[in-house]
Amino acid sequence: MAKPRNARKHKNKAAAKKSLRKVIKLASARKSKGKSNGLPRPSSRPYGQAGKALEGVKILDFTHVQSGPTCTQLLGYMGADVIKVERPGVGDITRAQLRDVKGADSLYFTMLNGNKRSITIDSKHPKGKQILERLIKHCDVLVENFAPGALDRMGLTWEHIHKLNPRMIVASVKGFGPGPYEDCKVYENVAQCAGGSASTTGFRDGPPLVTGAQIGDSGTGVHVAFGICAALYQRTRTGRGQKVLCAMQDGVLNLARVKLRDQQRLKHGPLTEYSQYAENIPFGEAVPRAGNDSGGGQPGWVLKCKGWEMDPDAYSYFITQAAVWEAICDLIGKPEWKTDPDYAKPPARLPRLRHIFSTIEQWTMTKTKFEVMDICNKLDIPVGPILSMKEIAEEPSLRATGTVVEVDHPTRGKYLTVGNPVKMSDSITEVRRSPLLGEHTEEILSKVLGYSAREIEEIKASGAITAPEKEKAAAA
Ligand code: COA
């Protein structure tokens, strides 16, 4: 039966309305795809050719020694323009520390100050202060790791900086946060001790131990770099800068957090994965040193490998992960352990770990650490060769990925440095050598700050960017 004319008309109108709504929805979806959250349209340039992550960000780098320079070098690797301010004639103290090549900047300095420009300014000279203030107006971020109060003593208080440039982010590394030790000067090992790392590192029957990895200095530098990137992002919404502070004690504790985890677990019983439990040695009130015990839930230890008698690094870390226990038993010639109630299940193994590891070691001692790696990886058994720094320096895959980079330096020649450990698909790091002291002073004064040639001559004559002869001689 035919529908009445009116009903058909009504239906057509509704359908037209529906399709119009669909068209509007599609159009707005297309529009928002290109501009979602206020972002620009996705770049059509090939990945890696659309600039660097921090391109356009200008860093006033007032850092020295290790913690601050680690941070600003990473920002430089990410593409920021890093202008390092150094004391005329002297520069960053590390230029002359642990010097291996007479008259050349040390590796201590060169490996922490790549991808930066160097300007010398006496920050306590009135003219020097004027230049610094111009740099503050020009830059986005000031990074410093002076002793507590040093920046204020230069007249660069947060209030003053903020007045000169409300958008400026002021990032600081200090040894301690607010509290009883806030005025202390702090170096790496002090931070390792105060951050809980040293008391939990080493063997139970030995003294606290510091680690070779510079978790206090470089570790805190990494934390600050993260804080700066977050502050830069927040600034895109608020338009204003902020203070970013990372205390070395806090940075170390953040890296040692699993030990604070264990401190709390102690209240509920012994730490069964620590070998001291297997050895029936009672726990005290604080987390003990655990030698080479694994920090996770799977027991592990360092085992000798073939050649250990001559080579101090012929060792492998070996984890007896529960999931691959049967493969381990077969590998080391103990298939009976797969069903033996003393060995078959992880809790039964805990009191026998020392015996288990020494049995596995009988096997690892017949293989080089690389053979152990090859054989075990095929079976999904987690192991790791103990690599010496020589082996790391010579490892082709680390060179291929840009993790270890060789750079050329005008006074010291070729040297190795650690490139960007963070790889990004659209921001490719190019590692550049560290600058000579004051190498870019004139370039920054003229091209960045717009001083005329006559003004630069006046600045030079004032002594604000040059060192007294006495200091120059001392630094040589
Ligand atoms: N022009 C003029 N003076 C300058 C200058 C410049 N370009 N750059 C630095 N100075 C001055 C400072 O103003 C300070 O003078 P003041 O003491 O009169 O205020 C002086 O140089 C020394 O700075 P300071 O930071 O105290 O150096 P230090 O060698 O005595 O101490 C640290 C070094 C690392 C212990 C200390 O800076 C510190 O505790 N920093 C914070 C924590 C940290 O980063 N530690 C790890 C370093 S890897």
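All ligand and atom numbering here is 1-based and tracks the order in the structure. Just so it is clear, the values below take in all heavy atoms, side chains as well, and ignore hydrogens, waters and symmetry mates.
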Checklist entry - atom 36 (C) of ligand 1: which protein heavy atom is closest, and how many Å away? => result Ala147 N, 3.6 Å

Checklist entry - What's the shortest distance from atom 10 (N) of ligand 1 to any protein heavy atom, and which residue and atom give it? => result Arg87 NH2, 3.7 Å

Checklist outcome for this item: Of Glu86, Met248, Lys124, the residue with the heavy atom nearest atom 14 (C) of ligand 1 is Lys124

Checklist outcome for this item: closest protein heavy atom to atom 30 (O) of ligand 1 is Lys185 NZ, 2.4 Å

Next on the checklist: I need the contact type for Ile93 against ligand 1. Using non-hydrogen atoms and a strict under-4.0 Å cut-off, is it side chain, backbone, both or neither?
Outcome noted: neither

Item to check | Protein contact of atom 45 (N) of ligand 1 - nearest heavy atom, named by residue and atom, plus distance | outcome: Val186 O, 2.6 Å

Checklist entry - Which of the listed options, Ala247, Ser67, Ser123, holds the heavy atom that is closest to atom 5 (C) of ligand 1? => result Ser123

Checklist entry - So between Asp92, Asp217, Thr220, Val224, whose heavy atom ends up nearest atom 46 (C) of ligand 1? => result Asp217

Item to check | Flag for Glu86-Ser118: side-chain donor and acceptor within less than 3.5 Å | outcome: yes

Next on the checklist: Taking the side chain as everything from C-beta on, heavy atoms only, tell me whether Leu416 gets closer than 4.5 Å to Arg399.
Outcome noted: yes

Next on the checklist: Can you confirm whether Lys84 sits close enough to Thr72 that some side-chain heavy atom of one is under 4.5 Å from a side-chain heavy atom of the other?
Outcome noted: no

Checklist entry - Is the Lys NZ or Arg CZ of Arg153 less than 6.0 Å from the centre of Phe146's six-membered ring, within 45° of the axis? => result no

Checklist entry - Under 4.0 Å from any heavy atom of Val65, which atoms of ligand 1 are there? => result 47 (C), 48 (S)

Checklist outcome for this item: re atom 33 (C) of ligand 1, the protein heavy-atom contact at minimum distance is Tyr187 OH, 3.4 Å

Next on the checklist: Among residues at least two apart in sequence or on other chains, which ones pass ring-ring contact (aromatic ring centres under 6.0 Å, His included) with Phe176?
Outcome noted: Tyr181

Checklist entry - Got a salt bridge between Glu144 and Lys174, using NZ or NE/NH1/NH2 to carboxylate O under 4.0 Å? => result yes

Checklist outcome for this item: ligand 1 to Val173, heavy atom cutoff 4.0 Å, flagged ligand atoms 41 (C), 44 (O)

Next on the checklist: What I'd like to find out is whether the side chain of Phe109 reaches to under 4.5 Å of the side chain of Gln97, using heavy atoms alone.
Outcome noted: no

Next on the checklist: Less than 4.0 angstrom from a charged side-chain N to a carboxylate O is my criterion; do Arg265 and Asp262 meet it?
Outcome noted: yes

Checklist entry - Looking only at heavy atoms, is any part of Arg153 under 4.0 Å from ligand 1, and if so is it the side chain, the backbone, or both, or is it neither? => result side chain

Next on the checklist: Any heavy-atom pair between the side chains of Arg117 and Val82 that's under 4.5 Å?
Outcome noted: no

Checklist outcome for this item: atom 40 (N) of ligand 1: closest protein heavy atom, distance to 0.1 Å, is Asn145 O, 2.9 Å

Item to check | Ligand-residue contact atoms, ligand 1 with Asp122, heavy atoms, under 4.0 Å | outcome: 1 (N), 2 (C)

Next on the checklist: Please report whether ligand 1 has a polar contact with Ile121, defined as an N or O pair separated by less than 3.5 Å (distance criterion only).
Outcome noted: yes

Next on the checklist: With a 4.0 Å cut-off on heavy atoms, is Glu188 in contact with ligand 1?
Outcome noted: no

Item to check | Nearest-0.5 Å distance, CG of residue Asp122 to OG1 of residue Thr466 | outcome: 9.0 Å

Checklist entry - For the side chain of Gln214 and the backbone of Gly212, is there at least one donor-acceptor N/O pair under 3.5 Å apart? => result yes

Item to check | atom 27 (O) of ligand 1 - nearest protein heavy atom and its distance | outcome: His64 CE1, 3.6 Å

Checklist entry - So which protein heavy atom does atom 23 (O) of ligand 1 come closest to, and at what separation? => result Phe146 CD2, 4.2 Å

